[in-house]
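Note that the structure is predicted; figures quoted are calculated from it, not measured. In listed order, ligands and their atoms are each counted from 1.
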Amino acid sequence: MTSIPNPRLDRPPTPTVAPTPGIRFIRDIYAEHGSQGRPVLSFEFFPPKTPKGDVALFERTLPALDVLRPDFYSVTYGAGGSTRDKTLAIVDRIQREHGTTTMAHLTCISTSRSDIERYLSEARDRGIRNILALRGDPPLESSDEQFERGFEYSYQLVEFISKMEGFSIGTAGFPESHIACTEGRHVDWQRLKAKLDRGADFVLTQLFFDNDDYFAFRDYLVDTLGVTVPITPGILPILNTGQIKRFTALCGATLPTALASKLDSYGDDADAVADFGIELASRQCEALLAGGAPGLHFYSLNKAHAATQIVGNLGLRD
Ligand SMILES: Cc1cc2nc3c(=O)[nH]c(=O)nc-3n(C[C@H](O)[C@H](O)[C@H](O)COP(=O)(O)OP(=O)(O)OC[C@H]3O[C@@H](n4cnc5c(N)ncnc54)[C@H](O)[C@@H]3O)c2cc1C
């Protein structure tokens, strides 16, 4: 795959609005921590569907995670724009009330360019400086017409955002290859390189349970493709057997047979599953950091308990 000059290296970003105090470009956070050998800690939320969920996120989860002094938070985006306004409102509120850099996710599938442009303009007006640029999953019934209105792949979204300036851009990476890629993992990873060549500053990975998958992915990107941006593992602590089986089936991550059997052996004992999941994730994170991972991105599922325990087990915060 040909290498394209990274437009972001040629010119400094020029935000059109005064930056909110304390809110930073995530690429700068990684650069600073990297030079000091400190891992970057981040936590991902989804926009709650109910007022009760909002209360739980803002009154319980965020205060508990703030104690860990996260380097950034991120908020997901419902494919097709279903959480458009909510994603931006939550990111804005976290940044204003908690003073922590927060990234808005954005998917481009089945979305027009003008809608994407509006979202990004609004994000910039709200002082949001970081976007995770994604394709999203196609609706079950999609048509060529939908693709014509916007972008087919996320590298096109990355390029579009990069030209708008004023954002640090993250992108998704898949240590086991993307579920829909039929050409093999190296082809999928070369496509990730294309996103970085178009201006993405860092990679957050899909969940995985075998660290060898992450290291093979990272080593191919770095040693074979010459990637220099941070490649941060995405961590999902197992808290519920049925839930992790559903999630892995949906996203194509492997739930190793021995791990599935171990979870099954706990039966309905939810506390035992959660204790085991937290211990497993702690050991996984420990080995990832020891192997040079630049940080940890936790899929929090809007809860603080597991991440707090894991960060405590790792001794990453006082
Ligand atoms: C950290 C993280 C956060 C996420 N957050 C969200 C979220 O907030 N909302 C949401 O809806 N989803 C989210 N997702 C899921 C993501 O949208 C899906 O996994 C989606 O299917 C792929 O998105 P992508 O940006 O990697 O797509 P792409 O990079 O576009 O890749 C998608 C597929 O197309 C293939 N491909 C890429 N380029 C080409 C090309 N030039 N020619 C042919 N094939 C190509 C790739 O190999 C891959 O199979 C997230 C995933 C991760 C890892």
Inset, instruction - Report the part of His105 in contact with ligand 1, treating N, CA, C, O as backbone and CB onward as side chain, heavy atoms under 4.0 Å; options are side chain, backbone, both, neither. - result: side chain

Inset, instruction - Check ligand 1 against Thr107 and write out every atom of the ligand that is under 4.0 Å from a heavy-atom position of the residue. - result: 9 (N), 10 (C), 11 (O)

Inset, instruction - Please confirm whether Glu44 comes within less than 3.5 Å of ligand 1 when only nitrogen or oxygen atoms on both sides are compared. - result: no

Inset, instruction - Report the member of Ala172, Gly136, Cys181 with the shortest heavy-atom distance to atom 16 (C) of ligand 1. - result: Gly136

Inset, instruction - Provide the number and element of each atom of ligand 1 under 4.0 Å from a heavy atom of Ser154. - result: 24 (P), 25 (O), 27 (O), 28 (P), 29 (O), 30 (O)

Inset, instruction - Specify side chain, backbone, both or neither for Phe151, according to which of its non-hydrogen atoms lie closer than 4.0 Å to ligand 1. - result: neither

Inset, instruction - Identify which of Phe174, Tyr153, Tyr77, Phe46 has a heavy atom lying nearest to atom 40 (C) of ligand 1. - result: Tyr153

Inset, instruction - Starting from atom 47 (O) of ligand 1, find the nearest protein heavy-atom neighbour and note its residue, name and distance. - result: Asp188 OD1, 2.7 Å

Legend entry - N or O contact, Asp137 vs ligand 1, cut-off under 3.5 Å: yes

Inset, instruction - Looking only at distances, please establish whether an N/O atom of ligand 1 is found under 3.5 Å from an N/O atom of Arg135. - result: yes

Inset, instruction - Answer with side chain, backbone, both or neither: which part of Leu132 has a heavy atom less than 4.0 angstrom from an atom of ligand 1? - result: side chain

Legend entry - For atom 14 (N) of ligand 1, the protein heavy atom that lies nearest, with its residue and separation: Leu134 CD2, 4.0 Å

Legend entry - Proximity of His297 to ligand 1 by residue part, where a heavy atom lies under 4.0 Å: neither

